[in-house]
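Worth saying up front: this structure is predicted, and the values here are computed from it rather than measured.
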Amino acid sequence: METTNTKALKYNHLVLIPTDFSEVCDNAIHHGVELARFLNYSVCILHVINRESKSQLKKENLTADYINEKLSGYKELYEKEYQLKVETISREGSIFEVIQTVAVEVKANLMIMGTHGKKGLQYLFGSYALRVVLDSPCPVVVVQKRSFGNGYHKIVFPVSNDLEVRQKVQWAIMIAKLFNSTIQLFQANESDQDLNQRITLITRQITDMFDDKKIAYEIVLSEKKKDFADQVLTYSMNAAIDMIMVMTVPQVDVPGFSVSVWDEKMMFNEAGIPVMCINPTELSSFYYEWLTLY
C-alpha cells in the first residue's frame, strides 16, 4: 500500500462514489458514472460496512454476499453501458474514516456523495457526515434526487471575500469546457466600500482567467443587506441552475466537527441542486497544477 501522506498523493483520474445502496446513492452513482464518462475517468464504488449496515443486514435476514452481489451488479451494469472501468470496494469500519482512507488510497480526483439533505446524510453516513465533505482530500459533488440530465450547463459561482479562489476557478473552467457551460458569477454586494472594492477586484481576476480560456460567463450582483447564501439559492432555483460551485468554509463549532451555516445551506439546499464543494487542503496545490492543464 502506498503512503497516505497527502504531500505524496498523485491523481489517478478516478471518481469515488460511496454508497449505502439507497435510491439517492444510486442517483449519486449515476451522476458519478456520467461525469466520469465525460472526463474519461474510471470509477470506484465504495460500500462501508459499519454497525448500522450489519444491523440492517441481520434485520432483513441477508448475508455479506448481498453486498458483494450489489457491488458486482454495479460493476457489470456500468462497465457494459458506459464502456469505462469500474472498481468496487467493501470495507469494515467507521464511514468517515473509511471514506477518507479509501479516497487517498485510490488517489481519487473527485467524490460524488448522495444525500436527502442534512438529516438524510447524517442518517446514511453517521454523525460525522459533514466531515466527509469538509475534510475530503478531493472535491465532493453533493447530489440529492435530481438526475444528471444533460449535465451541468448553467453553473452558479458565488463571489465573496474568499482568500483563495484559484482552485474553484480551475474546476469551473474544466466543467465549463466539458459541458459548454455558462458561469453565473453571483457577486456579493457589501455595505462596506473597501470590502466591495476587494470583491470587485476578485471578480475581475476571475473574469480575466475565464476570458483567457474563452469561458462564457455573466455577472449577477446580489442585493445589499440580505443573506448572501439565501440569495444564491433563490437565484439558482429561479434560473434553473444545474450546479453550484463553492469553496467550503470549515469552522470548528464543536470539538472534532467542522461545520458552517454557509456550507450547510449550500450542500443541503431544498431545491436539490448539485453542489461542488472544494476544500482548501494541502492537496490544493497539486490539484491546482493538474487542473491548469485545462
Those residues that, when tested against His30, pass ring pair (Phe, Tyr, Trp, His ring centres under 6.0 Å) (two or more places apart): none
Residue pair Met267 / Leu134: nearest heavy atoms and the distance that separates them: CE-CD2, 3.6 Å
Tyr82 and Glu34 side chains, donor-acceptor separation under 3.5 Å: yes
Any donor-acceptor N or O pair under 3.5 Å, side chains Asn196, Asn189: yes
Phe148 vs Asp242, side-chain contact (heavy atoms from CB on, under 4.5 Å): CA-CA, chis, key distance, verdict: CA-CA 9 Å; Phe148 182 82; Asp242 299 311; over 6 Å; no
Side-chain (Ser53) to main-chain (Asn50) donor-acceptor, under 3.5 angstrom: yes
Heavy-atom closest contact (Ala103 atom, Pro137 atom, distance): CB-CG, 3.7 Å
Nearest-0.5 Å distance that lies between atom CG in Leu71 and atom CD1 in Ile89: 9.5 Å
Close side-chain approach of Gln197 to Leu201, heavy-atom, < 4.5 Å: no
Carboxylate-amine/guanidinium contact Glu97 Arg91, below 4.0 Å: no
Atom CD of Glu76 with >12 non-hydrogen neighbours under 6.0 angstrom: no
Over 12 non-hydrogen atoms of neighbours within 6.0 angstrom of CG in Asp192: yes
Check: Lys154 side chain, Ala239 main-chain N or O, donor-acceptor pair, under 3.5 Å: yes
Arg204 backbone acceptor or donor facing Thr207 side chain under 3.5 Å: yes
Transitive ILVMFWY side-chain link Leu221 to Ile219, under 4.5 Å: no
Spatial distance of atom CE (Met276) from atom CD1 (Ile244) [nearest 0.5 Å]: 12.5 Å
Pairwise distance OG1(Thr88) to CD1(Ile17) - rounded to 0.5 angstrom: 12.0 Å
Asn269 side-chain N/O to Met266 backbone N/O, donor-acceptor pair under 3.5 Å: yes
Closest non-hydrogen atom pair, Gly93 against Val48: O-CG1, 3.4 Å
Check against side-chain contact (heavy atoms from CB on, under 4.5 Å), Met111 and Val15: CA-CA 6 Å; Met111 186 190 306; Val15 178; over 6 Å; no
Minimum heavy-atom distance between Pro158 and Lys168, given as atom pair plus value: O-NZ, 2.8 Å
Exceeds 12 heavy-atom contacts within 6.0 angstrom, atom CG of Asn40: no
Which atom of Cys138 lies closest to which atom of Ser136, heavy atoms considered: O-OG, 2.6 Å
Check against side-chain contact (heavy atoms from CB on, under 4.5 Å), Met245 and Tyr152: CA-CA 11 Å; Met245 189 172 289; Tyr152 311 117; over 6 Å; no
Glu60 and Gln56: side chain donor to acceptor below 3.5 Å: yes
Shortest non-hydrogen contact from Asp135 toward Asn279: N-ND2, 4.0 Å
Point-to-point distance, once rounded to the nearest 0.5 Å, from CD of Gln193 to CG of Leu195: 11.0 Å
Heavy-atom check, side chain of Val43 versus side chain of Leu14, under 4.5 Å: no
Within 6.0 angstrom of Asp208 CG, more than 12 heavy atoms from elsewhere: yes
Glu92 and Lys54 ion-paired at < 4.0 Å: yes
Heavy-atom side-chain proximity of Val159 to Phe157 below 4.5 angstrom: yes
Check: Asp65 main-chain N/O paired with Lys70 side-chain donor or acceptor under 3.5 Å: no
Approximate separation, where rounding is to 0.5 Å, of Ile183 CD1 and Met243 CE: 9.5 Å
Whether Tyr217 and Phe210 hold their rings parallel, tilted or perpendicular, with breakpoints at 30° and 60°: tilted
Check: Phe186 ring centroid to Phe228 ring centroid under 6.0 Å: yes
Ser222 vs Gln187, side-chain contact (heavy atoms from CB on, under 4.5 Å): CA-CA, chis, key distance, verdict: CA-CA 6 Å; Ser222 70; Gln187 182 178 320; over 6 Å; no
Donor-acceptor contact present, side-chain Asn27 to main-chain Arg146, <3.5 Å: yes
Between NE2 on residue His153 and CG on residue Leu178, distance to nearest 0.5 Å: 10.5 Å
Any Trp171 side-chain heavy atom under 4.5 Å of Leu110 side chain: yes
Donor-acceptor contact present, side-chain Gln231 to main-chain Lys226, <3.5 Å: yes
Residues His47 and Tyr74: side-chain donor-acceptor under 3.5 angstrom: no
